[in-house]
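Here the structure is laid out as structure tokens; the discussion comes afterwards.
Source: prediction; values computed, not measured. Just so it is clear: chains get the letters A, B, ... in the order the sequence lines come, proteins before strands, and each one is counted from 1.
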Amino acid sequence: MAPKYWLVKSEPEVFSFADLKMSRNRTTHWDGVRNYQARNFLREMEKGDRVLFYHSNCDIMGVVGVAEVTKEAYPDHSAWDPKSNYYDPDSTPENPRWFMVELTWQQDFKRKVTLSEIKAARPLQKMRLLQRGNRLSVMPVSKAEHDCICQMGMR
DNA sequence: GCCAACGTTGGC
DNA sequence: GCCAACGTTGGC
């Protein structure tokens with residue numbers, strides 16, 4: 001099965017791409033997604049899928065590197081922890097509502113591909129990232145868009 | 001099922 | 001810090 005392509009957003013002050021790189025095995029579980037549409041995308045992720053890592057809500061927003069899905073969707077246990085920020089009493093181990101995947105750092109871009117560059121790049125105009133009112137933290141990206149952004153980032 | 005109120009996201 | 005654009009909640 002050919003790998004699929006995704007973009008995940010993270011606020012670097014909360015969890016940056018450098019944080020992922022410094023994690024054990026350069027891997028983390030991508031928990032805390034509490035939006036149904038984003039969850040559904042998470043559940044479509046498969047091992048080997050490529051993930052563009054985007055920094056949001058910071059000085060210069062943009063894609064900073066590439067990660068890979070190393071474990072596909074499994075129940076997000078932070079939803080069961082009353083002390084977690086992501087606690088959701090309606091999600092239970094018997095009937096989990098929320099899921100997470102495992103992401104592994106793969107490659108730093110030589111330079112950040114900024115939001116304004118993405119907005120200016122003709123092949124990227126249809127990206128979901130640029131669509132009005134978009135607030136998804138996990139979204140699909142086409143292979144062409146992924147390749148274009150990687151090319152910009154590695155130049 | 002409608003919809004107003006409220007909370008959150010995230011670019012600016 | 002502001003605020004537009006959502007999603008969610010809860011009364012009816």
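Checked against salt bridge (Lys or Arg N to Asp or Glu O under 4.0 Å), A/Arg111 has the following partners two or more places apart in sequence or in another chain: A/Glu117. When the ring pair (Phe, Tyr, Trp, His ring centres under 6.0 Å) test is applied to A/Tyr36, the partners found at least two apart in sequence or on another chain are A/Trp98. Every residue was checked against the salt bridge (Lys or Arg N to Asp or Glu O under 4.0 Å) condition with A/Glu11, not counting sequence neighbours, and none meets it. Scanning for side chain to side chain contact (heavy atoms under 4.5 Å, CB included) contacts around A/Glu72 gives A/Glu46, A/Lys47, with sequence neighbours left out. Scanning for ring pair (Phe, Tyr, Trp, His ring centres under 6.0 Å) contacts around A/Phe53 gives A/Phe17, A/Trp30, A/His55, with sequence neighbours left out. The salt bridge (Lys or Arg N to Asp or Glu O under 4.0 Å) search around A/Lys71 returns none, not counting sequence neighbours. Residues meeting the ring pair (Phe, Tyr, Trp, His ring centres under 6.0 Å) test with A/Tyr5, sequence neighbours left out: A/His146. Partners of A/Asp147 according to the salt bridge (Lys or Arg N to Asp or Glu O under 4.0 Å) rule, which considers only residues two or more places apart in sequence or in another chain, are A/Lys143.
Comment: A/Arg34 engages A/Asp76 in a salt bridge, judged by a side-chain N to carboxylate O separation of less than 4.0 angstrom.
A side-chain N or O of A/Asp19 and one of A/Ser16 form a donor-acceptor pair less than 3.5 Å apart. Side-chain contact of A/Arg26 with A/Gln106: a donor-acceptor pair under 3.5 Å is absent, judged by distance alone.
Residues from residues 112-128 of chain A lying near DNA chain B, meaning a heavy-atom separation below 4.0 Å, are A/Leu115, A/Lys119 in numerical order. Of all the residues in residues 51-59 of chain A, A/Tyr54, A/Ser56, A/Asn57 reach under 4.0 Å from DNA chain B with at least one non-hydrogen atom.
Within 6.0 Å of atom CG in A/Leu130, more than 12 heavy atoms from other residues, nucleotides or ligands are found, so the atom counts as buried in its surroundings.
Consecutive pairing runs in DNA chain C reach the stem threshold at B:1-12 with C:1-12, where a stem means at least three Watson-Crick or G-U wobble pairs with distances under 3.5 Å.
Where DNA chain B meets chain A (any atom under 4.0 Å from a heavy atom), the bounding nucleotides read 5' to 3' are B/dG7 to B/dC12.
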